[in-house]
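When a ligand or atom number is given, it counts from 1 through the structure's own listing order. FYI, the numbering just counts along the sequence from 1.
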Amino acid sequence: MFRNILLSLFPLLLLVECGSVSQDGACSTLGDGLDTAFKFQSDCDDKTFCSGINGTCQERRCRRDEFPFGYDPRDILPALCPRGTFCPDEGSGCKPLVPAGQACQMNRDEQCAPPPNWQMLASNRNFNGSLCLQSLCTVANASLGQHCIADEVAYPATDYKGQQFSNVVIRDNCEAPRFYCDKNAAVCVPTKVIGAQCAEDRECQTYNCNGKGICAEPPEMPFRVPAWQYAITILSVVGGKLVLAMHSSARLTSSDTAMSTTVVMLVLIHKRIRINRYRTIREYYEEQMSLRRSMAALHAAAAEKYEDEHEFYHQ
Ligand SMILES: *[C@@H]1O[C@H](CO)[C@@H](O)[C@H](O)[C@H]1NC(C)=O
Ligand SMILES: *[C@@H]1O[C@H](CO)[C@@H](O)[C@H](O)[C@H]1NC(C)=O
């Protein structure tokens, strides 16, 4: 499915435009910023950034993606930034992580320095306990009843019929996954249990608010066999064995012990395999979610551009 999305995006991506000034051309850093679809744009082209020192486009000094946009396969790529630093959207060079309360770029949680107790605060809704909310680095440490910030962003998107809709994403600085920020009261409240009514994913402990507005198990959850089914299975096996033993008036033999041991071993091995599988699927899911977020932003940028061109040629 992912391949299909990529293929359908491909013609749109080619239409995404950025600044056209190439190396050593004049530019202004006032042109740096996000467009209405939240894609970074500047006066300079994809391989350069606008240097504020003398107002010219200079070769990019770092990249944030493994495969940065606008480079040919033969091009020499600028370096990725080492740990403890980050590459800003414009690629002007690696910068040290930003402490809480200072400016960061939109959707770039990884620009923020982790708080000292990051291990307690880290979750899949922040980056090592920090996140970039309303362009400021924020620690996700607001707890029950404390004041919090809910940052709401509406990403423009197009559905498969070509209809525009907006994808609203709200992020907050409450300690996840125990609390979420009630946006009306601006205080952290406890997340809801499975079966409770919800309007957004972040309201649920499981981070999954289903189509009916009810907190549900996350989609990657493995199927659970209820305890009573285990009990009935065990009782049937033991019962069958007993009936058989009574009829043939035989005694429990060593082969029965061997059989029980085998069953117990199999159950243990199976359990271990299942845990490993669950872990792998979970990691995969989290990776896909972060990929999906980047794709949504890209798609929105491309769709908007496509819309512009469409209007232009049909006037
Ligand atoms: C602008 O500054 C860069 C280094 O920051 C330098 O390489 C370049 O030659 C300068 N350009 C002009 C026109 O002064
Ligand atoms: C959250 O972390 C910040 C920075 O480490 C700190 O200044 C603030 O007091 C903390 N807030 C709470 C509620 O613990």
Test item: Asp65 side-chain N/O and Pro68 main-chain N/O as donor-acceptor pair under 3.5 Å: no
Cys188 and Cys148 SG atoms under 2.5 angstrom apart: no
pair Ile53-Gln58: side-chain heavy atoms closer than 4.5 Å: no
Sub-4.0 Å heavy-atom environment of ligand 2, residues by chain: Val139, Asn141, Gln146
Side-chain (Gln105) to main-chain (Asp89) donor-acceptor, under 3.5 angstrom: yes
Heteroatom distance test (Asn54, ligand 1): nitrogen or oxygen, under 3.5 angstrom: yes
More than 12 heavy atoms of other groups within 6.0 Å of Met259 CE: yes
Neighbour count >12 (heavy atoms, 6.0 Å) for atom CD, Gln197: no
